[in-house]
Amino acid sequence: MSWTEQHLRTEILRTVLDRAAHDPARADLFDDIPHLDRLFGGPQGVLAALRYRWNIHLDAKLEQGSAQGRTLDEAYLELAAEQPVLRAVLDTRTRRRNPISERRAGPPLFDVRARGGAPFADEQQRIAAR
């Protein structure tokens with residue numbers, strides 16, 4: 001990849017984040033951006049690059065946080081506050097369409113714990129009854 005291509009890729013990511021600052025769910029977020037398909041292979045490639053950016057920054061926060069005695073949650077929340085548009089794009093565009101929690105039968109696990117039962121107790125009973 002040439003320097004020109006690298007600069008174009010950076011500009012594409014900047015354009016996507018600028019657009020997303022107004023509405024990360026907008027339908028035309030990736031539309032009419034020159035060279036996007038050639039350099040990223042389409043919107044999924046852009047999202048992969050943005051995920052990579054997030055992960056690199058989170059790794060740095062975690063490394064810094066561990067030296068300071070901070071938790072994973074604290075590092076994550078700090079980064080989300082510093083880069084809210086990036087986080088919003090990833091949350092909006094990579095959300096699972098049919099999460100496991102919606103597919104499984106029965107009450108969510110936190111309900112089992114709230115009723116005083118052991119975690120997974122209802123699930124274990126359901127499996128044993130099969």
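Note that the coordinates shown come from a computational prediction; the quantities given were computed from them, not determined experimentally.
- Scanning for side-chain hydrogen bond (donor to acceptor under 3.5 Å, both in side chains) contacts around D73 gives an empty result, with sequence neighbours left out.
- Taking CG of L79 as the reference point, atom CD of E74 lies at 14.0 Å (rounded to 0.5 Å).
- Residues that satisfy the side-chain hydrogen bond (donor to acceptor under 3.5 Å, both in side chains) test with R19, not counting sequence neighbours, are absent from this structure.
- Evaluation of the salt bridge (charged side-chain N to carboxylate O under 4.0 Å, His left out) rule for R9 yields no partner, not counting sequence neighbours.
- Applying the salt bridge (Lys or Arg N to Asp or Glu O under 4.0 Å) rule to pairs touching residues 31-59 yields E5-R38, sequence neighbours excluded.
- Around CD of Q44, the count of heavy atoms belonging to other residues, nucleotides or ligands within 6.0 Å does not exceed 12.
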>> Determine whether Q64 and Q68 satisfy the following criterion, side chain to side chain contact (heavy atoms under 4.5 Å, CB included), listing intermediate values before the conclusion.
In response: CA-CA 7 Å; Q64 178 185 24; Q68 298 169 345; 3.9 Å; yes
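- A 4.5 Å side-chain heavy-atom check between L36 and P43 finds at least one atom pair inside the cut-off.
- Atoms CG and OG1, on L62 and T71 in that order, are 9.5 Å from each other to the nearest 0.5 Å.
- One distance of note links CG of L13 with CG of L8; it measures 11.0 Å at 0.5 Å rounding.
- With sequence neighbours left out, the side-chain contact (heavy atoms from CB on, under 4.5 Å) criterion links T10 to Q6, R14.
- Side-chain contacts under 4.5 Å among hydrophobic residues (ILVMFWY), followed directly or transitively, place Y52 together with I56.
- The side-chain contact (heavy atoms from CB on, under 4.5 Å) check on E63 picks up nothing, with sequence neighbours excluded.
- The distance from atom CG of L29 to atom CG of D23, rounded to the nearest 0.5 Å, is 8.5 Å.
- Applying the salt bridge (Lys or Arg N to Asp or Glu O under 4.0 Å) definition to pairs two or more places apart or across chains, those involving residues 79-90 are K61-E82, R87-D91.
- For L47 against L90, the heavy-atom pair with the smallest separation is O-CD2, 4.1 Å.
- Counting only residues at least two apart or in different chains, ring pair (Phe, Tyr, Trp, His ring centres under 6.0 Å) contacts with residues 25-49 are absent.
- Residues T94 and V89 fail the side-chain proximity criterion, which asks for heavy atoms closer than 4.5 Å.
- Atom-to-atom distance recorded for I33:CD1 and L39:CG is 11.5 Å, nearest 0.5 angstrom.
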